[in-house]
Amino acid sequence: MAATVIQRLSALGVLLLSACASTAPTPPANLSEEQLMIVDCLLQGQVRQLGNIATSLSARRPQKLPAYECAQAGGEFALATRDPARALAIWLPFAQQGNAEAQTQVGEMYERGIGSVPDYATAATWYTKASQQGDSRALINLASLHERGLGVKRDPLLAARLFRQASGQAGVPGRITIDLVEPVIVVPTPGQDGAAPTVPLGGQGERRELRGKVSSDAGVRQLMFNNKPLAVDSQGLFRAELDLSQGSSDVRFTAIDRQGTQALLNFRAVPASAAPSALKVNHGLPNTRYHALIIANQGYRHWPQLKNPINDAQDMKRMLEQRYDFQVTTLFDATRRDMYAAFNALRARLKPEDNLLVFYAGHGDVDEGNQRGYWVPVDGERENRSNWMSVVDVTDQINALGVRQVLVIADSCYSGTMARTALPVADADLVGERHWDALRAISQLRARVALTSGGLEPVVDGGAGRNSLFASSLLDVLAAVNEPIETRRLFDTLAARFSLRAMRLKVQQKPQYAPIRFAGHEAGDFIFVPKR
């Protein structure tokens, strides 16, 4: 594929083969890496029959597609990373005509950098135009610029409002959470009457120790345990003791931050041997198909070999299949072409109402100049990024998927370059049917989110036996979930558990969770639904 000009390919008649298809065509065999890459494609208009004698030609339209698919449809295309000006020329006329999607795409091109450096001010102008039409993706991008003060005045409060507006929420968020991590406890949603749910605790004897973490954006002012003050260290960690000599114990944690925001964690603890049968929640969520692509690179040819990725992948596959009913595809020791081909195969197979989880474990690196992250294929050379898979490439593949929700879990060095913005969340205490109404609404929204093992710092391989420290913590939390849960809630418990274990090992690493920039995130969250 030439890298310098928009390429005009086949004739108009070819586009009728697939341009209107509800799913992507199956990729032909033996395609090159470049044919599998996502490009900015200008599709020709479609011939439409009007009655028996008249025909019309619909307007041309831009779209993100793999290069081979654009070619099959008779389109013109450009690869933005190599010829950004030509890619811009595909979208700009539609943006100037007022198309909100095109305005957002143009803004993202300017933010990524049409020339040698990003033009944040111009990006903000286009995001503003699209956000005035209610485009959620533009609202999130504009919020991110205000959050960081790039091209616009730095305004965290405005950023918070825009983030929440994009996800259909109101007001300014106050984030304070209480999580129990030893043992891992994901407290079920209270019933319609608001009564505290019952939680079984393992262990022996009449006394049980609970360890947890309280977190707040504004700083924690006080933590109470059963109406008595509880000590909290500088990391937000705490410990409490329960007496189960009477067969059960009420547990009530109340936290207040320095702005007066309050969080409550309330349940009734019983010995595991005395616990009632697990409640089968009638949540009413749609019967969505869940898929996973798990990539584990371990036997590197030019990098140090890793110990845990394949173990992590196998254990994650088992967890997703047996407890969450995912259809899982695995790639072990994959090349860059293997990864491109896997994404394209999913694009051809998945339907718009499906959800997808992508898990990557292996080496990662970052370009210090542009802060661009990379997943390193098993044959990747140490000083040659040309055959690495950049996070931009991964993001483009995700953006082109037609599925409803995508969650990327990246356990690699510098994986946090995928997720550089805050995730808008709702902290309202919803119980019973109100909670399930909210979850049903979230499950219908398009989401592109990333859960990463670290930010821009290197991450550890190992630290928890057969698994990495991150994978082990994630598997522990997934095993403790007994009802549908948003990944944001799951992340709170994961981050707290990881923090406690990392502190013991003196590891400077902090998991992150946020929308994936430039991947088409609009609102909502990825929902995990355990088998009944």
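Heads up: numbering here begins at 1 and tracks the sequence. Since the model is a prediction, treat every value here as computed from it, not as a measurement.
Under the 3.5 Å distance criterion, with hydrogens and angles disregarded, no donor-acceptor pair is assigned to the side chains of Asn355 and Thr288. If you check the side chains of Thr493 and Asp179, you find a donor sitting under 3.5 Å from an acceptor. Side chain to side chain, Arg268 and Ser248 meet the donor-acceptor criterion of an N or O pair below 3.5 Å. Side-chain atoms of Ser390 and Asp393 include a donor-acceptor pair closer than 3.5 Å. Side-chain contact, Ser468 with Asp411: a donor N or O sits under 3.5 Å from an acceptor N or O. Using modelled atom types and a 3.5 Å distance limit, the side chains of Arg446 and Ser136 yield no donor-acceptor pair. Under 3.5 Å, the side chains of Ser499 and Gln235 contain no donor-acceptor pair of N or O atoms. At a cut-off of 3.5 Å, with distance as the only test, no side-chain donor of Asn467 or Asn308 sits close to an acceptor on the other residue.
If you look at Phe526 and Phe491, their ring centroids are not closer than 6.0 Å.
Using a 4.5 Å heavy-atom cutoff, the side chains of Arg501 and Asp476 are in contact. With a 4.5 Å cut-off on side-chain heavy atoms, Leu500 and Lys213 do not count as touching. Proximity of Leu451 to Leu474: side-chain heavy atoms (C-beta onward) are separated by under 4.5 Å at one or more points. Under the 4.5 Å side-chain criterion, counting only non-hydrogen atoms from C-beta, Gln259 is not in contact with Arg221. Under the 4.5 Å side-chain criterion, counting only non-hydrogen atoms from C-beta, Val392 is in contact with Arg112.
Partners of Ser216 under the side chain to side chain donor-acceptor pair (under 3.5 Å) rule, at least two apart in sequence or in another chain, are Asp257. Contacts of Arg252 classified as side chain to side chain donor-acceptor pair (under 3.5 Å), with partners at least two apart in sequence or in another chain: none.
When each of Trp91, Phe518, Trp126 is paired with Met109, the side chain to side chain contact (heavy atoms under 4.5 Å, CB included) condition holds for Trp91 and for no other.
Looking at Asp492 and Arg489, no side-chain N of the basic residue comes within less than 4.0 Å of a carboxylate O on the acidic one, giving no salt bridge. Taking 4.0 Å as the cut-off between side-chain N and carboxylate O, Arg517 and Glu147 do not count as a salt-bridged pair.
Classification of the Phe238-Phe253 ring pair by plane angle, with boundaries at 30° and 60°, yields tilted. Under the 30°/60° scheme for interplanar angles, the aromatic rings of Tyr324 and Phe528 are found to stand perpendicular. Note on ring orientation: taking the six-membered ring where Trp is involved, the planes of Tyr360 and Trp375 are parallel (angle under 30°, cut-offs 30° and 60°).
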For this session: Could you please spell out the steps behind the salt bridge (charged side-chain N to carboxylate O under 4.0 Å, His left out) verdict for Glu182 and Arg504?
Result: CA-CA 13 Å; Glu182 284 191 356; Arg504 291 171 178 167; 2.7 Å; yes

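A side-chain donor-acceptor contact under 3.5 Å links Arg208 to the backbone of Gly202.
Pairing each heavy atom of Glu111 with each of Ala123, the nearest pair is N-CB, 3.8 Å. Between Gly98 and Gln103, the shortest heavy-atom distance links the atoms CA-NE2, 3.5 Å.
Heavy-atom contacts from other residues, nucleotides or ligands closer than 6.0 Å to NZ of Lys129 number 12 or fewer.
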